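The structure under discussion appears below in the form of structure tokens.
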Amino acid sequence: MSLLVVEDLHTHFVSRDLDNRVRTAKALNSVSFALAEGEVLGLVGETGAGKSLTAFSIMGLLRPPARIVQGSVRFAGQELVGLAPEQLNAVRGARIAMVGQNPRGALDPLTRVGEQIVRVILAHQAVSREAARAAALEAMARVGIPDPARRFRSWPHELSGGMAQRVLIAMALVNRPTLLIADEPTTGLDVTVQAQILDLLRTLVREMNMAALVITHDLGVVAHYCSRMAVMFAGRIIEMGPVEAVFGTPRHPYTQALIAATPENLTLDGASPLGGRPPDLFALPPGCHYVDRCPIATEACNALPPWRSVAADHGALCHRVES
Ligand SMILES: Nc1ncnc2c1ncn2[C@@H]1O[C@H](COP(=O)(O)OP(=O)(O)OP(=O)(O)O)[C@@H](O)[C@H]1O
Ligand code: SF4
Ligand SMILES: [Mg+2]
């Protein structure tokens with residue numbers, strides 16, 4: 001059974017210009033995917049494609065002017081879109097957890113790190129403070145923090161970036177979530193620390209049999225850590241399938257360009273490696289969003305492309321892909 005089902009999700013930024021006219025940036029446009037229990041799905045795409053917004057939409061963490069205008073997010077059979085904040089809080093941080101970039105910024109600078117983990121436990125579990133403290137120390141040891149009893153009393157500014165990320169991973173996992181969303185969890189860390197953090201996440205995801213949505217610029221991370229991948233472009237998933245199938249036989253012209261552009265290190269490096277600019281979200285073309293950059297576009301591409309399946313679990317959003 002699917003643990004997470006995202007269906008036809010549309011998230012827009014609705015604002016007004018200086019002449020008081022409504023302006024709508026269509027940042028997510030019919031995003032659909034499912035995640036099975038224990039499955040690790042990679043979400044890739046150039047900067048601004050809508051990866052983080054997908055994560056925030058699932059977590060119910062959008063702030064105005066962003067809002068979900070259509071679609072559904074079902075987690076373990078429960079609809080999350082439109083859920084009251086207190087009901088959403090019960091799911092978030094307990095059954096779904098998120099680890100982002102900028103770990104130091106995510107910690108409260110005025111609270112010792114151990115106490116921050118204890119508070120996350122007490123918010124979701126009916127246990128004593130002593131039990132929460134013991135669980136926090138155990139979680140700190142599990143994520144590889146040396147001398148947890150001493151680190152428990154550290155202030156966030158005393159931690160390195162890698163150590164702060166370990167604290168955040170401990171906070172994310174301490175309530176034993178069934179879904180982990182990792183949004184660029186190693187951006188900003190040293191290369192050697194990046195590898196350690198990714199290995200730690202992979203081990204924990206396996207040991208705890210969590211499903212994970214891994215958002216990354218780094219195609220190498222997807223190749224090593226994920227079983228399936230989804231490629232986003234301008235707020236749409238334009239290709240999805242098993243990692244070997246998408247890397248081996250990419251079907252969408254954007255995925256083909258993406259993979260061909262990064263043969264050595266498979267890294268997107270943040271910006272588009274392919275030349276060309278992302279389309280204007282305030283004035284998206286009516287058909288395929290990739291039409292202005294696509295080398296094989298035809299007249300037909302001015303109409304919305306269909307999702308073409310090339311295998312049971314591999315498909316692409318393109319007029320020119322043969323089913
Ligand atoms: N207030 C806003 N009004 C209009 N558009 C916005 C606003 N805030 C963000 N956006 C747009 O939403 C889009 C989705 O951004 P998102 O952060 O999800 O991209 P991303 O794929 O995570 O990129 P990155 O790889 O850089 O993290 C971006 O194109 C961004 O320009
Ligand atoms: S639908 Fe047309 S423009 Fe879009 S990727 Fe396919 S061929 Fe290119
Ligand atoms: Mg992002």
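Worth saying up front: this structure is predicted, and the values here are computed from it rather than measured. Both counts, for ligands and for their atoms, begin at 1 and track the order of listing.
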### Summary
In terms of its nearest heavy atom to atom 13 (C) of ligand 1, the top option of Pro65, Ala55, Gly48 is Gly48
#### Entry: Gln256 side chain vs Pro250 backbone, donor-acceptor pair below 3.5 Å
yes
### Carboxylate-amine/guanidinium contact Glu39 Arg228, below 4.0 Å
yes
### Query
Any donor and acceptor pair, going by atom type alone, linking the side chain of Glu239 with main-chain N or O of Arg251 inside 3.5 Å?
yes
### Query
Where does Met232 meet ligand 1, judged by heavy-atom distances below 4.0 Å: at the side chain, the backbone, both, or neither?
neither
### Sub-4.0 Å atoms of ligand 1 with respect to non-hydrogen atoms of Ala25
4 (C), 5 (N)
### Message
Within this structure, what is the CG-CZ distance for the pair Leu317 and Phe233, rounded to the nearest 0.5 Å?
### Response
11.5 Å
#### Entry: Which of the ligand 1 atoms, numbered from 1, are nearer than 4.0 Å to a heavy atom of Leu53
18 (O)
### Task
Go through ligand 1 atom by atom and flag the ones less than 4.0 Å from a non-hydrogen atom of Ser52.
17 (O), 18 (O), 20 (P), 22 (O), 27 (O)
### Summary
Distance col, row Ile58:CD1 vs Leu80:CG, nearest 0.5 angstrom, shows 9.0 Å
### Query
Judging by distance only, is a nitrogen or oxygen of Gly45 under 3.5 angstrom from one on ligand 1?
no
### Query
Should the pair Arg119-Glu115 be classified as a salt bridge under the 4.0 Å nitrogen-to-oxygen rule?
yes
### Query
Sorted by chain and residue number, which protein N/O/S atoms are under 2.8 Å from atom 2 (Fe) of ligand 2?
Cys301 SG
### Task
Considering the heavy atoms of His217, write down every atom of ligand 1 situated less than 4.0 Å from one of them.
25 (O)
### Query
Relative to ligand 1, is Thr54 under 4.0 angstrom through side chain, backbone, both or neither, heavy atoms considered?
neither
### Query
So, does Lys51 use its side chain to make a donor-acceptor pair with the main chain of Gly45 at under 3.5 Å?
yes
#### Entry: Residue Thr47 vicinity, atoms of ligand 1 by number, heavy atom under 4.0 Å
23 (O), 24 (P), 25 (O), 26 (O)
#### Entry: Value rounded to 0.5 Å, distance of OG1 in Thr24 from CZ in Phe282
8.0 Å
### Task
State whether Arg151 and Asp147 are salt-bridged, where the test is any N-O pair (Lys NZ or Arg NE/NH1/NH2 against Asp/Glu carboxylate O) under 4.0 Å.
no
### Interfacing atoms of ligand 2 (cut-off 4.0 Å, heavy-atom, His252)
5 (S)
### Task
Identify the heavy atoms of Asn175 and Gly93 that sit nearest to each other, and give their distance.
ND2-O, 3.3 Å
### Query
Regarding Arg293 and the six-membered ring of Tyr254, is the cationic atom NZ or CZ under 6.0 Å from the ring centre and inside 45° of its axis?
no
